[in-house]
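First comes the structure, then the notes that go with it.
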Amino acid sequence: MAKYNPVKVEAKWREIWEKNKTDSVDLDKAKKPFYNLMMFPYPSAEGLHVGNVFAFVGSDIQGRHKRLLGYDVFEPMGFDAFGMHSENFALKTGRHPARMVPKNIVHFREDQLKKMGLGLDWDHQVDTTSSDYYRWTQWMFVTLYKNGFAHKAKGQVNWCPGCKTVLAKEQVIEDKCERCSSVVEKRDMEQWYFKTTAFAEELLTKLDDLDWSERTKLAQRAWIGKSEGADVVFKLENGEEVTVFTTRPDTLFGATYMVFSPEHPLLDAITAPEREEELGKYRTEARAMSDADLGNDKREKTGVFTGAYAINPANGKRIPVWAADYVLMGYGTGAIMAVPAHDERDFEFAKKFGLEIVEVVTPPPGTPGVGETAYAGDGFLANSGPFDGLPAKTEGARRIVETLAAKGAAKFVTRYRLRDWCVSRQRYWGPPIPIIYCDKCGVVPVPEKDLPVELPFMEDFRPDGSGHSPLHGNEEFYRTTCPECGGPAVRETDVSDNFLCSAWYFYRYPSTDFDDRPFDPARTKKWLPVDLYVGGNEHAVLHLLYSRWLCKALHKAGHIDFDEPYKKFVAHGIIVKDGAKMSKSKGNIINPDDYVNEFGADAFRVYLMFMGAYLEGGDFRDGGVKAMKSFLDRLATAVSPGAGPLSDEPPTGSALLYVLHSTIKAVGSDIDRFSYNTAISRIMELVNHATKNKIRSREVSSVIIRLISPFAPHLAEELWEELGNRESVFKSSWPEHKEEHLARPEVEYVVQVNGKLRDRVNLAVGLSNEEIDEKVMNSPAVLKWIEGKELVKKIYVPDKLINLVVK
RNA sequence: GCGAGAGUGGCGGAAUUGGCAGACGCACCGGCCUUAGGAGCCGGCGGUCGAACAGACUGUGGGGGUUCAAGUCCCCCCUCUCGCACCA
């Protein structure tokens, strides 16, 4: 077999694998379970994106490698088909998601995924829109509710006018809807929340022990946003009290004014009558502004004096209270003590409005004075009464807080930026929130026996922007009876965020054959937590954070005995096309089908993995897939008995054995560290070596086939069969390298003079310095550079290099 | 602004601990084979000087430093990508 026809060969193996269930695993009998998870896609009408293929292939290589290493690999796939992506597309094209999604799923699975050579176990797929699945999504909701992790609350929410629903904070990117890019508005609404903040500290500290991509952990840490400081109570002159949060309680004596967020509820009560008009205007303007505008720290500070005064609890001074939009309602208490001498924002504000600036931390000599800028560093306290001279951030902060704490006016606190997860969506295409409202019994979760709460088919599913889901207008759905008292009741009509569906799907895969429980305890014990999860880092603070949180909640509720869902998470890179991001408008979208049909899935897979570092991403160039097809042809020619007889004698010759065994070793470790591009290049070198030296050996062929098999499974299988094997190559074993062949009798020494390469000499390994000298010092190429010069020093790097330093 | 990562031939990219820069591939050039080639095989390929597959110099964003030796370590600067961003 020289040139092979990928279309025929791949179809043949697809059929055999499916028939023999090569990629299925016996979930109960498996001895060395390895749960290899990839992020299930949403089955869009556009079809599988090349980014999906890149992610899946990179994950599949791990799965196949592990299989060859003797693990029982479980590699399932499913469809994340609920949610606004599907629904928005349906709205745009005038098709109903309930009709469109099943077709998309079939297309994804039969025409695309199955042609990619992924070793997927299709006996355990999930579809989040099927009631067998979302029944348990609803069970999750009820379970969370019963354990105090779900509650309904009124508050400010992010409203997307495009999608006509509220969004979670995580789904607002730079002030825009993650799905439709509309600018998000603030609204006050009553919504369902999951208590993500309950595990803020655990979500943060547990990151330290996780074997995850560092950048993913970094993103989660930043999002959780822990900050330690103190709450301090300020009394207002009208008798009201207001608490502020500060990370710098040591600077309390320097607090010369207070600032309230324009949205602060206490403003109405404290504003002096003569200031009301101006303040009202300011608050209206601020309300109209988007979060992005408010969050822009380059914008000039604005603010209005309220006419009210507060008392600084540290020194009893009377300080003015201002309202300014640089204080955000969404963080801390919505009010701050302003210390212009030691905070840049306060400094800028104080300068603009002529407010007092008092330095209470002495900067080290040479630091610009307080007149010019704020000093945020550490130092010793000054102008701070009894605390003068104390080291500010440590002893000073402690003593000041303790002193005030005695009067109940301060305490150390830790705050997080993380907010509770807003999960209600005023949309149609999602799992209905399983809650019933009864006048007599109040909020009643739907009992487990009544699940699922089926999503009724509605021809018109358009969101109307009323603040209710379209389900609200469906009387048959909306009106129900109370499961507790049997009286008339109404259903919650919002559906839950699609991210709830995806927060738990990996518990379901091993248990899809149970219809009376979301996940079977024994199966779960055997297979979870997930051994390896490969996916995009864009989900760092969405899916990955939500699913970690849900895991902790389920753990706390006693449903599972672990509290982290993924042992290892690897964030793959992003593919660009010719150096630019792919986008529909640029017309540079890669359609995987085109390449698979022309060059085969194997060539496409190998190219995707070869074009760049998997963890960094890569630059897709059109010619690449073809080049990989010809590499696979060359490989086939080199190893196939069809292209010329193979010798049954074991390979000999130290050069060949060295190349063979060092390649085995390198490819294995490259796969382990996701360095697929170098792994492939090592296989290329081995193939080149075999071709060039006309090596035709059964054993060499067997090694090469197994090394390439995780990358090009169909071709490997075909060649493996040609070699006379009856069982799948994936039932064989990963080749083992022998250290003895890596030891070379002779190595090439680099001879440097003053660090410059001047000669190369082949020498036996393990020579003494004297023996090296003998061989090296008389070489004409070296003599030329050292003759007549004083030899100052000789540096020996064993079996590698000698550097002669001359003057 | 803060945090992280990156900057290497015409191009994609290698270089795990400081030790031969440019592996592997694309493109290109030369040769062989061919009725033909968007096929295959052999060879070349950072730059400058040079007749040269002789040799030398130079070269990993820019500048400085440490070292026998720097793409790799340290300091300053520039550019790009990503994350967070008036978070008190």
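The figures here come from the full heavy-atom set of this structure, side chains too, leaving out hydrogens, waters and symmetry mates.
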Without decimals, in angstroms, what is the distance between [X] [atom1] and [N] [atom2]?
| X | N | atom1 | atom2 | answer |
| --- | --- | --- | --- | --- |
| A/R760 | B/G55 | CZ | C1' | 15 Å |
| A/M337 | B/A88 | CE | P | 12 Å |
| A/M628 | B/A39 | CE | C1' | 17 Å |
| A/I575 | B/G13 | CD1 | C1' | 15 Å |

Checklist outcome for this item: Between A/Y331 and A/V541, the residue closer to the 5' end of RNA chain B by nearest nucleotide is A/V541
Checklist entry - 5'-most contact on RNA chain B: A/G623 or A/V327, nearest heavy atom basis? => result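 The residue whose closest nucleotide sits nearer the 5' end is A/G623.
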Return the nucleotide paired to [N]: Watson-Crick means purine N1 to pyrimidine N3 with N6-O4 or O6-N4, wobble means G-U with N1-O2 and O6-N3, both under 3.5 Å.
| N | value |
| --- | --- |
| B/C28 | B/G44 |
| B/C49 | B/G55 |
| B/C2 | B/G83 |
| B/G7 | B/C78 |
| B/A69 | none |
| B/G38 | none |
| B/U60 | none |

Looking at [X], I'd like to know whether one of its side-chain N or O atoms comes within less than 4.0 Å of OP1 or OP2 on [N].
| X | N | result |
| --- | --- | --- |
| A/K784 | B/A56 | yes |
| A/W785 | B/A56 | yes |
| A/S675 | B/U16 | no |
| A/K756 | B/G59 | no |
| A/K793 | B/C68 | yes |
| A/R248 | B/C87 | no |
| A/N537 | B/C82 | no |
| A/K692 | B/G43 | yes |
| A/R215 | B/G3 | no |

Can you identify which nucleotide, out of [options], has its nearest atom closest to the [X] side chain?
| X | options | value |
| --- | --- | --- |
| A/T691 | B/C42, B/U16, B/C87 | B/C42 |
| A/N803 | B/C86, B/G19, B/G43 | B/G19 |
| A/M684 | B/C11, B/G19, B/G25 | B/G25 |
| A/V750 | B/C20, B/A88, B/G12 | B/C20 |
| A/N677 | B/C68, B/G25, B/G13 | B/G13 |
| A/A627 | B/G5, B/G25, B/A88 | B/G25 |
| A/R417 | B/G5, B/C87, B/U16 | B/C87 |
| A/E685 | B/A14, B/C24, B/C87 | B/C24 |
| A/R758 | B/A15, B/A56, B/A88 | B/A56 |
| A/K626 | B/G25, B/C20, B/A39 | B/A39 |

Next on the checklist: Anti or syn, where syn is a glycosidic angle within 90° of 0; which label fits B/G9?
Outcome noted: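 With its glycosidic angle within 90° of zero, B/G9 counts as syn.
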If you measure from the [atom1] atom in [N] to the same atom in [M], how many Å do you get, rounded?
| N | M | atom1 | result |
| --- | --- | --- | --- |
| B/G13 | B/A6 | C1' | 14 Å |
| B/A70 | B/C20 | P | 11 Å |
| B/U17 | B/G10 | P | 28 Å |

Counting any heavy atom closer than 4.0 Å, what does [X] reach on the DNA or RNA strands: base, sugar-phosphate only, or nothing?
| X | answer |
| --- | --- |
| A/Q752 | base |
| A/F631 | nothing |
| A/R673 | base |
| A/L757 | nothing |
| A/A540 | nothing |
| A/K217 | nothing |

Item to check | Spacing of A/E748 atom CD and A/D759 atom CG [to the nearest 0.5 Å] | outcome: 9.0 Å
Any side-chain donor near an acceptor of the partner, [X] and [Y], under 3.5 Å:
| X | Y | result |
| --- | --- | --- |
| A/Y416 | A/E201 | yes |
| A/T678 | A/D670 | yes |
| A/E170 | A/W223 | yes |

Checklist entry - Relative to the ring of A/W322, is the ring of A/F305 parallel (under 30°), tilted (30 to 60°) or perpendicular (over 60°)? => result tilted
Next on the checklist: How about CD on A/E344, more than 12 heavy atoms from neighbouring residues, nucleotides or ligands closer than 6.0 Å, or not?
Outcome noted: no
Checklist entry - Is any NZ, NE, NH1 or NH2 atom of the basic residue among A/R221 and A/D208 found under 4.0 Å from an Asp or Glu carboxylate oxygen of the other? => result yes
Item to check | Carboxylate-amine/guanidinium proximity below 4.0 Å for A/R345 and A/E348 | outcome: no
